[in-house]
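Have a look at the structure below before the remarks.
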Amino acid sequence: MSKYSELKKINVNTFSNMKRDGEKIACLTAYDYTSATMLDKAGVDLILVGDSLGMVVDGHESTIPVTIDEIIYHCKAVKRAAKRAYLVADMPFGSYHISDEQALSNCIRLIKETGFDAVKIEGGETKAPLVRKLIEAGIPVMGHIGLLPQMVNVMGGYKIQGRTGPEAMLKDAKALEEAGAFAIVIEGVVADIATTVSESISIPTIGIGAGVGCDGQVLVFHDVFGFFDDFVPKFVKQYADVKTIISEACAGYINDVKASRFPEDKHSF
Ligand code: KIV
């Protein structure tokens with residue numbers, strides 16, 4: 001049991017302390033009250049309302065269609081649930097790309113309306129000036145480098161990054177650190193490169209598909225608990241098989257209803 005598991009509420013400084021103490025940071029996504037309640041009670045350190053909700057909740061092919069209103073709706077539900085975890089909201093595609101004014105206005109609206117702790121934006125060195133402005137406005141920022149799902153149409157798919165060496169990634173990570181980001185997600189990056197980046201900066205790195213050398217890990221709720229079996233990315237470890245449990249339970253319910261085995265007397269008034 002670490003001293004961090006006894007913390008009543010995690011704040012923005014907790015993460016650099018965890019990195020200093022060699023305590024790994026456990027993060028997951030959540031999008032609703034019920035799942036966020038379970039994750040928070042289990043002791044997850046950070047809950048991200050990711051724009052991955054566009055794919056795993058709404059069934060889109062990418063995160064591109066997600067709107068700021070949708071993120072805000074899900075953040076409000078998660079906020080009602082979480083007592084201990086640090087809460088980070090993904091800024092969706094188009095909500096921070098037009099101008100710094102647009103980005104500031106959307107981030108301020110999100111923080112005011114949801115009570116979330118911080119925002120996450122995708123991008124490295126080019127986003128550093130914006131990160132600085134958001135922090136000056138009082139909004140903690142989590143960076144996101146490596147594979148950027150909001151750039152899928154430019155990249156022509158989801159491609160593992162860092163195969164040509166650490167230079168570009170180091171530049172991005174250092175620019176975000178200098179701008180004041182409290183942590184950086186490193187997604188879809190060769191493990192050695194992610195380790196080099198993690199060891200070269202003082203703020204924590206949170207890996208997804210980036211190896212064990214990162215200071216913490218994040219996975220998508222539906223991936224980690226096994227809601228899907230048609231496509232399981234290589235970087236995902238499934239800790240449960242919820243799809244089978246729900247499918248079998250649902251078949252049992254249907255059979256009981258059809259056979260008039262449900263409701264029984266004890267379910268009736
Ligand atoms: O949208 C998301 O869920 C994310 C994480 C997987 C890092 O950005």
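In each ligand, atom 1 is the first atom listed, and ligand 1 is the first ligand listed. For the single chain, residues carry numbers from 1 onward in sequence order. Side chains are part of it too, since the values below use all heavy atoms of this structure and drop only hydrogens, waters and symmetry mates.
- Partner Leu87 forms a side-chain contact (heavy atoms from CB on, under 4.5 Å) with one of Leu46, Val78, Ile10 and no other, that one being Val78.
- Under 4.0 Å from ligand 1, not a single heavy atom of Thr63 appears.
- Of all protein heavy atoms, the one lying nearest to atom 4 (C) of ligand 1 is Leu48 CD2, 3.6 Å.
- The side-chain heavy atoms of Arg163 and Val190, taken from C-beta on, include a pair separated by under 4.5 Å.
- Summarising the geometry, atom CD1 belonging to Ile206 is positioned 10.5 Å from atom CG belonging to Leu48; distances are rounded to the nearest 0.5 Å.
- Between Phe228 and Asp223 there is a side-chain heavy-atom pair separated by less than 4.5 Å.
- Using the six-membered ring where Trp is involved, Phe15 and Tyr86 have ring planes that are perpendicular, over 60° apart on the 30 and 60° scheme.
- The nearest heavy-atom contact from the protein to atom 2 (C) of ligand 1 is Ser52 OG, 3.3 Å.
- If you look at Asp90 next to ligand 1, the close heavy atoms, those under 4.0 Å, all belong to the side chain.
- The shortest heavy-atom distance from Glu122 to ligand 1 is not under 4.0 Å.
- Below 3.5 Å of separation, one finds no N or O of Tyr31 facing any N or O of ligand 1.
- For atom 8 (O) of ligand 1, the closest heavy atom belonging to the protein is Lys120 NZ, 2.9 Å.
- Heavy-atom contacts of Ile208 reach the following atoms of ligand 1: 6 (C) (cutoff under 4.0 Å).
- Ser62 places a side-chain heavy atom less than 4.5 Å from the side chain of Tyr158.
- For ligand 1, the atoms lying closer than 4.0 Å to a non-hydrogen atom of Gly50 are 1 (O), 2 (C), 3 (O).
- Val236 places none of its side-chain heavy atoms less than 4.5 Å from the side chain of Val224.
- Between Thr29 and ligand 1, no pair of N/O atoms sits closer than 3.5 Å.
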